[in-house]
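Down below is the structure, laid out as structure tokens.
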Amino acid sequence: MNISLLLQMADDTGPDRIGLVCEGRSWSYGALMNAARGTAAFLSECGCDYIALLDESSEAAPIALFGAALAGIPYVPLNYRLADDDLAALLRRISPACIVGDTRRVQRLNPEGTPTCLSRTDFVQVAETIVHTATGEEEGEGIAAQIFTSGTTAAPKAALLRHSNLLGYILGTVEFCCAAEQDAQLVCVPPYHIAGISALLSSIYAMRRVVILPAFSAEAWLQLATQESVTNAFLVPTMLSRIVDKLDDKTSAGLSSLKAIAYGGGHMPLELIKRALDLFPDTEFTNAYGLTETSSTIALLGPEEHRLAQTSEDCAVRDRLASVGRPLPTVELEIRDAAGRPLAAGERGEIHVRGDQVSGEYRERSAVDAEGWFPTRDWGWLDEEGYLFLAGRADDVIVRGGENISPAEIEDVLTSHPAIADAAAVGVPSREWGEAVAISVVFRPGRQLGEEELRTLIRERLRSSRVPEKIRIVDELPYNEMGKLLRREIRGMFQT
């Protein structure tokens, strides 16, 4: 059994039902299944070991994903924003491969051993027209997708997601054909991110129409959401921030069809989610926390918990709006210290998880221990009710005089001030403390605070150890395309 089962079930149930819309063209589930089968036949003929997508989101992504599954080879979505040298290195690591997307760039880089390179248009045409025969399913332990990590401190690792991992997530969290025929999921995250893959798989299994936005902008997102009467969407915090800014001083977003927004992929500032809850009063919000190595979501803060935290007079309940909710029933989660010992509620340590959806496997090695536990490298803690709070990546935690400080708690205080649009806290070398707190701040147009005012703001809300020794005022903070803050670049600001 492999992930092709998800599309096959949708095709068997409603072959004429619209499954995907992209740039004005629609595909039924039957058409998608036929294209996936055509892709599998094509891949079998060309003898590739991988099929890679080097392009924005489009219909090519699900066709390649399911076609690879039927052919029994890994699907490899590549980051088209990489520099030439970095991309060429990844292409060499998956040779021989069929590359779909930017043919000119691939030909210019001329990696050795690339037998096939097709533009998106040519690939889809081949997939839809090639004569295919029945294709057998691979066993569930085969590799469904190979996703290269961001490689911020070293060469990217090739994270492997097996069919059993992805099916473990989908079958454990999504009910088959649970969506009404008019329901539509707006997908705007890049195809090389696990959120893009999980959105396709979960929407197709639910038989929810997938509406693809190839390149995100707040204007395009709002226009497409209105045009297609979108009911569901996933956004990273920076995307939601741009949508909120675009709506400016409106009291409501005016998207009556939008029933649910899920968000994740980065730290969500408290003031931003509070504003979004006000702008979308009839929309259910879900905070989804997960990693590539866990096949997407492992913890959720659900819609009722969002609204309860928004209105509760209980400070413990209100604080949960800053959490990522509770672990999924299908996932085990522990907080451990540096020696690997489980910690009690309220104690901070590294998040470890295990479950059927957890891979923790790389082409180079496996990071899972003998008992199936995967160390996420994320730092956090659980409260008494089992809600998970993140403190950042283990490498991002500021260690000042032996005390672990979460950058997020400082950033939330800063962005709660009406003059501050964005903020980041990092650790910088200190002769006295080992590390000291440094902050970079972006002010809203026409607003500004002095350095002592910033220090006072933090001192009055947090302990004195959180008060920054160094402050930089900047026009904007560096983020990657998935909304993750590039803290290494911020640290670099304080080295000049």
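Counting from 1, the numbers follow the sequence of the chain as shown.
- For the pair I458 and P468, the minimum side-chain heavy-atom distance is below 4.5 Å.
- The closest donor-acceptor contact from the side chain of K484 to the backbone of Y479 lies at 3.5 Å or more, if one exists at all.
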Run Y75 and F66 through ring-ring contact (aromatic ring centres under 6.0 Å, His included) and show every step you take.
CA-CA 8 Å; Y75 167 67; F66 288 108; 9.3 Å; no
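- Listed by chain and residue number, F389 satisfy the ring-ring contact (aromatic ring centres under 6.0 Å, His included) test with W381 (two or more places apart in sequence, or in another chain).
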Please report the C-alpha distance between R307 and L277 in whole Å, then the side-chain angles of each, then the deciding distance to 0.1 Å, and finally whether the side-chain contact (heavy atoms from CB on, under 4.5 Å) criterion is met.
CA-CA 8 Å; R307 296 298 176 182; L277 286 166; 3.5 Å; yes
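- Summarising the local packing, CG of D356 is surrounded by 12 or fewer heavy atoms from other residues, nucleotides or ligands at distances under 6.0 Å.
- Ion pair R466/E403 flagged as a salt bridge, since at least one NZ, NE, NH1 or NH2 atom sits closer than 4.0 Å to an Asp/Glu carboxylate oxygen.
- Counting only distance, with no hydrogens or angles, the side chain of R242 and the backbone of S217 share no donor-acceptor pair below 3.5 Å.
- Here the side chain of D412 pairs no donor or acceptor atom with the backbone of E409 at under 3.5 angstrom.
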Pair H193, N79 - check side chain to side chain donor-acceptor pair (under 3.5 Å), show working.
CA-CA 9 Å; H193 192 275; N79 184 349; over 6 Å; no
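- I18 has its side chain out of reach of Y29: every pair of non-hydrogen atoms, C-beta onward, lies at least 4.5 Å apart.
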Worked check of side chain to side chain donor-acceptor pair (under 3.5 Å) between N287 and E305
CA-CA 10 Å; N287 187 354; E305 293 162 312; over 6 Å; no
Show, in sequence, the C-alpha distance, side-chain angles and deciding distance for E175 and Y205, and conclude whether the side-chain contact (heavy atoms from CB on, under 4.5 Å) test is met.
CA-CA 8 Å; E175 181 183 350; Y205 189 60; over 6 Å; no
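- Contact of the C22 side chain with the W27 side chain is registered, since non-hydrogen atoms from C-beta on lie closer than 4.5 Å.
- Distance check: L6 CG to S203 OG gives 11.5 Å after rounding to the nearest 0.5 Å.
- Residues in residues 262-271 take part in these salt bridge (charged side-chain N to carboxylate O under 4.0 Å, His left out) pairs, two or more places apart or across chains: E271-K274.
- In this structure, the separation between CZ on R326 and CD1 on I298 is 16.0 Å, given to the nearest 0.5 Å.
- Among residues two or more places apart in sequence or in another chain, the side-chain contact (heavy atoms from CB on, under 4.5 Å) test is passed with L78 by A52, L54, V76, L87, L90, L91, I94, F148.
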Dump the intermediate steps for side-chain contact (heavy atoms from CB on, under 4.5 Å) on I194 and L161, then the final yes or no.
CA-CA 10 Å; I194 184 57; L161 296 178; 3.5 Å; yes
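- The side-chain contact (heavy atoms from CB on, under 4.5 Å) test applied to A316 returns D314, not counting sequence neighbours.
- With sequence neighbours excluded, the residues that form a ring-ring contact (aromatic ring centres under 6.0 Å, His included) with Y263 are H306.
- Under 4.0 Å is where a charged nitrogen must lie from a carboxylate oxygen, and between D396 and R491 at least one such pair does.
- Remark: T456 pairs with E452, R459, E460 by the side-chain contact (heavy atoms from CB on, under 4.5 Å) rule, at least two apart or across chains.
- Scored by the ring-ring contact (aromatic ring centres under 6.0 Å, His included) test, F374 finds no partners at all (sequence neighbours excluded).
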Run the side-chain donor-acceptor check on residues 343-352: report pairs under 3.5 Å with partners two or more places apart or on a different chain.
{"residue": "E347", "atom": "OE1", "partner": "A344", "partner atom": "N", "Å": "2.9"}
{"residue": "E350", "atom": "OE2", "partner": "R377", "partner atom": "N", "Å": "2.9"}
{"residue": "H352", "atom": "ND1", "partner": "E350", "partner atom": "O", "Å": "3.3"}

Enumerate, atom names and distances included, each donor-acceptor pair closer than 3.5 Å involving a side-chain atom of residues 288-295, sequence neighbours excluded.
{"residue": "Y289", "atom": "OH", "partner": "D378", "partner atom": "OD2", "Å": "2.7"}
{"residue": "E293", "atom": "OE2", "partner": "Y362", "partner atom": "OH", "Å": "2.7"}
{"residue": "T294", "atom": "OG1", "partner": "L291", "partner atom": "N", "Å": "3.0"}
{"residue": "T294", "atom": "OG1", "partner": "L291", "partner atom": "O", "Å": "3.0"}
{"residue": "T294", "atom": "OG1", "partner": "S296", "partner atom": "O", "Å": "2.8"}
{"residue": "S295", "atom": "OG", "partner": "Q357", "partner atom": "O", "Å": "2.7"}

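- Counting heavy atoms from C-beta on, the side chains of P303 and T286 come closer than 4.5 Å.
- Around atom CD of Q223, no more than 12 heavy atoms belonging to other residues, nucleotides or ligands sit under 6.0 Å away.
- Applying side chain to side chain contact (heavy atoms under 4.5 Å, CB included) to S241 and the options V236, L235, L272 leaves one that passes, L272.
- We find that K259 and D282 are not joined by a salt bridge, their nearest charged nitrogen and carboxylate oxygen being 4.0 Å or further apart.
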From CA spacing to verdict: side-chain contact (heavy atoms from CB on, under 4.5 Å), I197, L200
CA-CA 5 Å; I197 292 176; L200 291 175; 5.8 Å; no
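- A donor-acceptor contact shorter than 3.5 Å is absent between the side chain of S119 and the backbone of G101.
- To the nearest 0.5 Å, atoms CG (L186) and OG1 (T231) are separated by 10.0 Å.
- Using a 4.5 Å cut-off on side-chain heavy atoms (C-beta onward), L53 and I63 make no contact.
- Taking CG from L477 and CZ from R472, the interatomic distance works out to 13.0 Å, rounded to the nearest 0.5 Å.
- Using a 4.5 Å heavy-atom threshold, the side chains of P214 and E23 count as touching.
- Side-chain contact between V21 and I212 is absent, with no heavy atoms from C-beta onward closer than 4.5 Å.
- Using a 4.0 Å cut-off between a side-chain N of Lys or Arg and a carboxylate O of Asp or Glu, R400 and E435 do not qualify as a salt bridge.
- Between the CG atom in L167 and the OG atom in S4 there is a gap of 8.5 Å [rounded to 0.5 Å].
- A donor-acceptor distance shorter than 3.5 angstrom exists from the side chain of E411 to the backbone of A425, with no hydrogens or angles considered.
- For Y169, the ring-ring contact (aromatic ring centres under 6.0 Å, His included) criterion is met by no residue, not counting sequence neighbours.
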Worked check of salt bridge (charged side-chain N to carboxylate O under 4.0 Å, His left out) between D395 and R487
CA-CA 10 Å; D395 294 339; R487 294 186 188 275; over 6 Å; no
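- Counting all heavy atoms, side chain and backbone alike, A68 lies closest to I51 at CB-CG2, 3.5 Å.
- For H417, the side-chain contact (heavy atoms from CB on, under 4.5 Å) criterion is met by A419, I420, L449, L457, not counting sequence neighbours.
- Each salt bridge (charged side-chain N to carboxylate O under 4.0 Å, His left out) pair with one or both residues in residues 207-235, not counting sequence neighbours, appears once here: R209-E228, E219-K246.
- Between the SG atom of C177 and the CE atom of M207 there is a distance of 4.5 Å, given to the nearest 0.5 Å.
- S312 places no side-chain N or O within 3.5 Å of a backbone atom of A309 that could act as its donor or acceptor partner.
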